[in-house]
Amino acid sequence: MATIKTNDKHIINLAAIVGESRSILYKKVDLLAYDCDGFTIYKHLPKAVVFPKNTEEVSKLVKYCTDNGLPFLARGAGTGLSGGAIPVNGEVIISMVRMKKLISVDLENRRAVVEPGFVNLKLTNSISDKGYYYAPDPSSQYCCTIGGNVAENAGGAHCLKYGVTTNHILGLEVVLPNGEIIEMGRNGILDEPGYDLLGLLTGSEGTLGIVTKITVRILKSPEGKQTVLAYFDKVEDGSQAVSDIISAGIVPAALEMMDKTAIEGVEAAAFPVGHPKDIEAVLLIEVDGIAAGIEEQINQILEVCKKCNVREVRAAKDEEERGRWWANRKTGFGAMGAISPDYLVQDGVIPRSKLPEVLQKIAQISEESGLRIANIFHAGDGNLHPLVLFDARKPGEIEKALAAGSACLKACAEVGGTITGEHGVGIEKREEMRFVFKEEEILAQTNIREVFNPDNLLNAGKLFPTPGRCVEIKKEMKA
């Protein structure tokens, strides 16, 4: 076993808490892998990375950091796309990857208990043979952790019908920033008296506490499932089909769209399916439920698409074809690497009726910036993902990409939408929070953070804008 070779007393003491030298990283060569998450534009080295094995070790690490004024944060798989796990203050990173157990499964009450490092897709794989699954399905579900999903309130393609992570959380064990361990949620009771602390912690981006145990809802697998693929010569026609499907009273499990640039990317990457090169938009529509009703819904969807000038529309002929269509869509973000050296993915939300207007605005932003923008999105619930393509080797392109991404978020906010649907704010969208919140509203939220995290040592500098008018308002309130 390697020994700790440093005079830094904090490194030595942190290593003692986790019990073995291989449970801590502190050399620069090792820390380089932790200088960013999926938002790679900004990077900063942590002070150290520690790997606790249980809740008690997390509590001791947190208490040590707080008592010694050391900034710290929790990290899962590092797949987050908004910089929420970047150690901008040289934090001690508390990595949850060794806390990866499936603790229990209760099929009778349809719930499971997992540790935060448990990978999302592994839960469904662990219970699918019994006829159950876990609904939240972010595109990174094969590697992202459920603890990280809780922090970001992750969504996924099927959140149109089944909701995002918060709709599937029944209980949490949390280590507060002072090291205290608390539990939220009692035996899966949905309407527990008192404040909704589960709702508050889910999506708080690791600024209020560190989740160490999660009770989740599991669902019975649907009897039937079918997927439709539709090609449109105009994005406007595809957008209209989205609205008309919902207006017809159909609530698909998923309703996804990709535009021409996005299609170019996915067809150049790992799972091509033969989308026409000249097509402007593709819709992927999935319905599930009682088997007897699936065919009727599929026929309705086919008719709606035909009325919206679809070029071609068809249902998957078998499970293998359906699986290939979804593999093609779910690799959409990573596929951009096949057509661009770098890309920045955004995450705005708009009313469905505003899709044509906002997509036209994004096209205008692309033209004005001189950067290509691909659009991959959860069309059914208006969750857009503009991907700004750029080359970081060219001077000024990073700044242009960031400005274009911000402009896309502003376009979403201006039509009554918001700046994130599932990726979180992190450091990427802090200033854009002012697109949707007044200073007084931001202050109200930071006041809540101060109750949980009074020393602001836990994941500081995330989620909210840099102090401005908020500070002035607080001074006025105290005067």
Side-chain angles (χ1 to χ4, degrees), residues 4 8-26 31 34 37 44-78 80 84-101 114-118 145-152 171-185 197-198 200-214 426 446 448-463:
I4 301 294
D8 188 321
K9 68 173 185 178
H10 295 310
I11 300 295
I12 295 170
N13 291 335
L14 290 168
I17 291 172
V18 290
E20 50 186 286
S21 59
R22 62 188 177 89
S23 289
I24 186 167
L25 303 175
Y26 60 94
L31 299 179
Y34 296 86
D37 54 16
H44 203 292
L45 287 178
K47 178 179 179 63
V49 182
V50 286
F51 300 87
K53 298 178 288 298
N54 53 52
T55 300
E56 290 67 31
E57 287 186 359
V58 174
S59 175
K60 290 176 182 178
L61 289 168
V62 167
K63 192 172 189 311
Y64 181 86
C65 289
T66 297
D67 290 347
N68 290 275
L70 297 176
F72 61 100
L73 61 83
R75 177 183 168 113
I86 296 178
V88 293
N89 304 292
E91 280 92 345
V92 172
I93 290 180
I94 300 175
S95 173
M96 312 304 287
V97 297
R98 291 189 180 176
M99 295 178 63
K100 56 182 179 180
K101 297 188 185 75
V114 301
E115 289 185 321
F118 194 75
T145 62
I146 293 180
N149 295 165
V150 171
E152 302 300 325
L172 296 174
E173 179 185 79
V174 180
V175 175
L176 297 177
N178 62 1
E180 182 181 351
I181 303 168
I182 66 169
E183 291 190 10
M184 303 173 184
L197 296 180
L198 281 178
L200 181 62
L201 265 289
T202 305
S204 61
E205 303 195 25
T207 62
L208 303 182
I210 297 177
V211 173
T212 52
K213 192 182 297 180
I214 308 154
T446 55
I448 293 172
R449 181 185 62 192
E450 288 184 9
V451 172
F452 284 82
N453 187 13
D455 299 319
N456 201 23
L457 291 173
L458 174 58
N459 213 12
K462 309 292 172 59
L463 189 55

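Residue pairs meeting the salt bridge (Lys or Arg N to Asp or Glu O under 4.0 Å) criterion with at least one member in residues 63-73, sequence neighbours excluded: Lys63-Asp67.
For Ile448, the side-chain contact (heavy atoms from CB on, under 4.5 Å) test picks out Leu200, Phe452, with sequence neighbours left out. With sequence neighbours left out, the side-chain contact (heavy atoms from CB on, under 4.5 Å) criterion links Ala85 to Asp37, Arg75. Not counting sequence neighbours, the partners of His10 by the ring pair (Phe, Tyr, Trp, His ring centres under 6.0 Å) test are Tyr64. With sequence neighbours excluded, the residues satisfying side-chain contact (heavy atoms from CB on, under 4.5 Å) with Pro46 are Leu31, Tyr34, Val49, Pro87, Ile93. The side chain to side chain donor-acceptor pair (under 3.5 Å) test applied to Asn178 returns no partner, not counting sequence neighbours. Taking the salt bridge (charged side-chain N to carboxylate O under 4.0 Å, His left out) definition, one finds that Glu57 meets it with Lys53, sequence neighbours left out. For Asn453, the side-chain contact (heavy atoms from CB on, under 4.5 Å) partners two or more places apart in sequence, or in a different chain, are Pro177, Arg449, Asn456, Leu458. Applying the side chain to side chain donor-acceptor pair (under 3.5 Å) criterion to Glu115, with sequence neighbours excluded, gives no partner residue. Thr66 is linked by a side chain to side chain donor-acceptor pair (under 3.5 Å) to nothing, counting only residues two or more places apart in sequence or in another chain. With sequence neighbours excluded, the residues satisfying salt bridge (charged side-chain N to carboxylate O under 4.0 Å, His left out) with Asp8 are Lys47.
The structure places CD1 of Ile214 at 11.0 Å from CG of Leu201, a figure rounded to the nearest 0.5 Å. The CG atom of Leu198 sits 11.0 Å away from the CD atom of Glu183 when rounded to the nearest 0.5 Å. Annotation: the span from Lys100 atom NZ to Arg98 atom CZ amounts to 8.5 Å, rounded to 0.5 Å. In this structure, the separation between CG on Asn13 and CG on Asn68 is 7.5 Å, given to the nearest 0.5 Å. To the nearest 0.5 angstrom, Ile181 atom CD1 is 9.5 Å from Leu176 atom CG. Taking CG of Leu45 as the reference point, atom CD1 of Ile86 lies at 11.5 Å (rounded to 0.5 Å).
Side-chain contact between Phe118 and Thr145 is absent, with no heavy atoms from C-beta onward closer than 4.5 Å. With contacts defined as side-chain heavy-atom distances shorter than 4.5 Å, the pair Asn459/Phe72 does not qualify. Looking at Lys60 and Val18, their side chains never come closer than 4.5 Å, going by heavy atoms from C-beta outward. When side chains are defined from C-beta on, Leu14 counts as touching Leu61, because their heavy atoms get closer than 4.5 Å.
For the pair Asn89 (side chain) and Ala460 (backbone), a donor-acceptor distance under 3.5 Å is present. The backbone N or O of Val50 lies less than 3.5 Å from no partner atom in the side chain of Ser95, so there is not a single donor-acceptor pair. Judged by distance alone, with hydrogens and angles left aside, the side-chain atoms of Glu91 form no donor-acceptor pair with the main-chain N or O of Pro71 at under 3.5 Å.
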Any chance you could lay out the side-chain contact (heavy atoms from CB on, under 4.5 Å) test for Val88 and Lys462, step after step, and finish with the verdict?
CA-CA 9 Å; Val88 293; Lys462 309 292 172 59; 3.9 Å; yes

For the pair Phe51 and Val97, evaluate side-chain contact (heavy atoms from CB on, under 4.5 Å) and give the outcome as yes or no after the intermediate values.
CA-CA 7 Å; Phe51 300 87; Val97 297; 3.8 Å; yes

May I have the list of side-chain donor-acceptor pairs in residues 206-213 shorter than 3.5 Å, sequence neighbours left out?
from   : atom 1 : to     : atom 2 : distance (Å)
Thr207 : OG1    : Ser204 : O      : 2.8
Thr212 : OG1    : Thr55  : OG1    : 3.4
Thr212 : OG1    : Glu173 : O      : 3.3
Thr212 : OG1    : Glu173 : OE1    : 2.7

